[in-house]
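All remarks here apply to the structure that follows.
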Amino acid sequence: MNVSQPRIVANRANALQSTGPRTLQGKRRVSLNGLQHGLRANHAALASEDPAEYRILLRDLIADHCPVGALECSLVERIAIGIWRQRRLVRAETAMLDLEQLERKIADRVARELGQAVGSIEDSDLEPFDEDRVDWCRSLLAEFECVGEDESLALSDKTPLIREQLEADAAEDDETVEQHLAHHDNGLIGYVAELALWCKDQLQQAEQRPTVLALAEQHRAKAAVLPTQSLDVLSRYQTTLDNQLLKAIRALREAQAWRLETLDAAAVEPEFDSAAAA
């Protein structure tokens, strides 16, 4: 039967109005319309996981077990999902341990153990102290002792480190030395006093650094094992996954054994006994 041209035009107009499902739930529902046995589905993989890896796992399991029929295919898929969840559990445990070993967390734990405020120890404080900085601070403090209250000695030949640091600080702020000293009480003497306090603080940190490093190493070792509560949750989930996987494997073996013993045996026709027939 020939379709008239007006009917063709009307069908095309109707098709333009049929845009398919628009909601996320509707799209998920119709995405399963062509699913026959589930062996090509990617729904076991989370959005953050690679579905191609799951497909490879499923393909390898199919090659290993050679399922026949929808039932055996479904059981192989259950095995694939069980193994996939086992892998996810390992990744989850690793991620939890990584979070526990973040340098920021280790630094805060060390600070609390030393009775200091959280945040007082930086991530960089968990590295060995720069020995060159220690030597520089000691040398500058020696120059500071020579200056005393005599401002004329602050920029003399006896204080090359003080003079060099002052020029560097002024250049960093795009100022002249005079402009930079104007920000400090008592001018040059005040600047030198602040610089000396900074050096003393650095030397104190250097003296404390071995203790900080030792405590940090202890906390890293503790963080390599999850807390008891987290371990209990993971252990229970691991047991559940093990049981599900073993049940799926056992069910597949039973289904294949039943097929070989029952269906395949029934497919063999009995030989015709001519003597009995006579």
Donor-acceptor list for residues 195-208 side chains, cut-off 3.5 Å, not counting sequence neighbours:
from: D201; atom 1: OD2; to: Q205; atom 2: NE2; distance (Å): 2.9
from: Q202; atom 1: OE1; to: R133; atom 2: NH1; distance (Å): 2.7

Legend entry - Nearest heavy atoms of C66 and A63, plus distance in Å: SG-O, 3.6 Å
Inset, instruction - Is it possible for you to say whether L241 and I83 belong to one hydrophobic cluster, with membership spreading through side-chain heavy-atom contacts below 4.5 Å? - result: no
Inset, instruction - Using side-chain hydrogen bond (donor to acceptor under 3.5 Å, both in side chains) as the criterion, list what pairs up with E122, not counting sequence neighbours. - result: none
Legend entry - CD-OG distance between E127 and S124, expressed to the nearest 0.5 angstrom: 8.5 Å
Inset, instruction - Enter the distance from D130:CG to R209:CZ here, rounded to the nearest 0.5 Å. - result: 9.5 Å
Inset, instruction - Sorted by first residue and then second, give each ring-ring contact (aromatic ring centres under 6.0 Å, His included) pair with at least one member in residues 71-94; sequence neighbours left out. - result: Y54-W84
Inset, instruction - Among I162, L140, T159, find the one that has a side-chain contact (heavy atoms from CB on, under 4.5 Å) with V192. - result: I162
Inset, instruction - Under the side-chain hydrogen bond (donor to acceptor under 3.5 Å, both in side chains) rule, collect the residues that match up with S120, sequence neighbours excluded. - result: Q116
Legend entry - Gap between atom CG of D132 and atom SG of C137 - 0.5 Å precision: 11.0 Å
Legend entry - Pairs satisfying ring-ring contact (aromatic ring centres under 6.0 Å, His included), at least one member in residues 101-142, at least two apart: none
Legend entry - Passing option when I249 is tested against I79, L75, V76 for side-chain contact (heavy atoms from CB on, under 4.5 Å): I79
Legend entry - salt bridge (charged side-chain N to carboxylate O under 4.0 Å, His left out): pairs with one or both residues in residues 224-243, sequence neighbours excluded: none
Legend entry - Closest approach of A223 to L97 (non-hydrogen atoms, all atoms of both residues): O-CD2, 3.4 Å
Inset, instruction - Look up atom CE in M96 and atom CG in L226, then write down how far apart they are to the nearest 0.5 Å. - result: 5.0 Å
Legend entry - Path from Y191 to L141 over hydrophobic side-chain contacts below 4.5 Å: no
Legend entry - With sequence neighbours excluded, residues passing ring-ring contact (aromatic ring centres under 6.0 Å, His included) with H183: none
Inset, instruction - List for me each residue that meets side chain to side chain contact (heavy atoms under 4.5 Å, CB included) alongside P160, sequence neighbours excluded, and say none if there are none. - result: E143, R163
Inset, instruction - Measure the CD-CG distance between E53 and L58 for me, rounded to the nearest 0.5 Å. - result: 13.5 Å
Inset, instruction - Indicate, with yes or no, if Y237 and V225 share a hydrophobic cluster defined by side-chain heavy-atom contacts under 4.5 Å among Ile, Leu, Val, Met, Phe, Trp and Tyr. - result: yes
Inset, instruction - Write out all pairs satisfying salt bridge (charged side-chain N to carboxylate O under 4.0 Å, His left out) with one or both partners inside residues 62-76, taking only residues at least two apart or from two chains. - result: E72-R259
Inset, instruction - Scan for side-chain hydrogen bond (donor to acceptor under 3.5 Å, both in side chains) pairs involving residues 88-108, sequence neighbours excluded, and state none if there are none. - result: E49-R88, E49-R91, E100-R109, E103-R220, R104-D108, R104-D123
Legend entry - Hydrophobic cluster identity match, L231 and L89, side-chain contacts under 4.5 Å: yes
Inset, instruction - To the nearest 0.5 angstrom, please state how far the CG atom of L181 sits from the CD atom of E175. - result: 9.5 Å
Legend entry - Under the side chain to side chain contact (heavy atoms under 4.5 Å, CB included) test, residues paired with T240 that sit two or more places apart: Q244
Inset, instruction - Could you list who else is in L215's hydrophobic cluster, with ILVMFWY side chains joined at under 4.5 Å, directly or through other members? - result: I106, V110, L114, I121, L126, V212
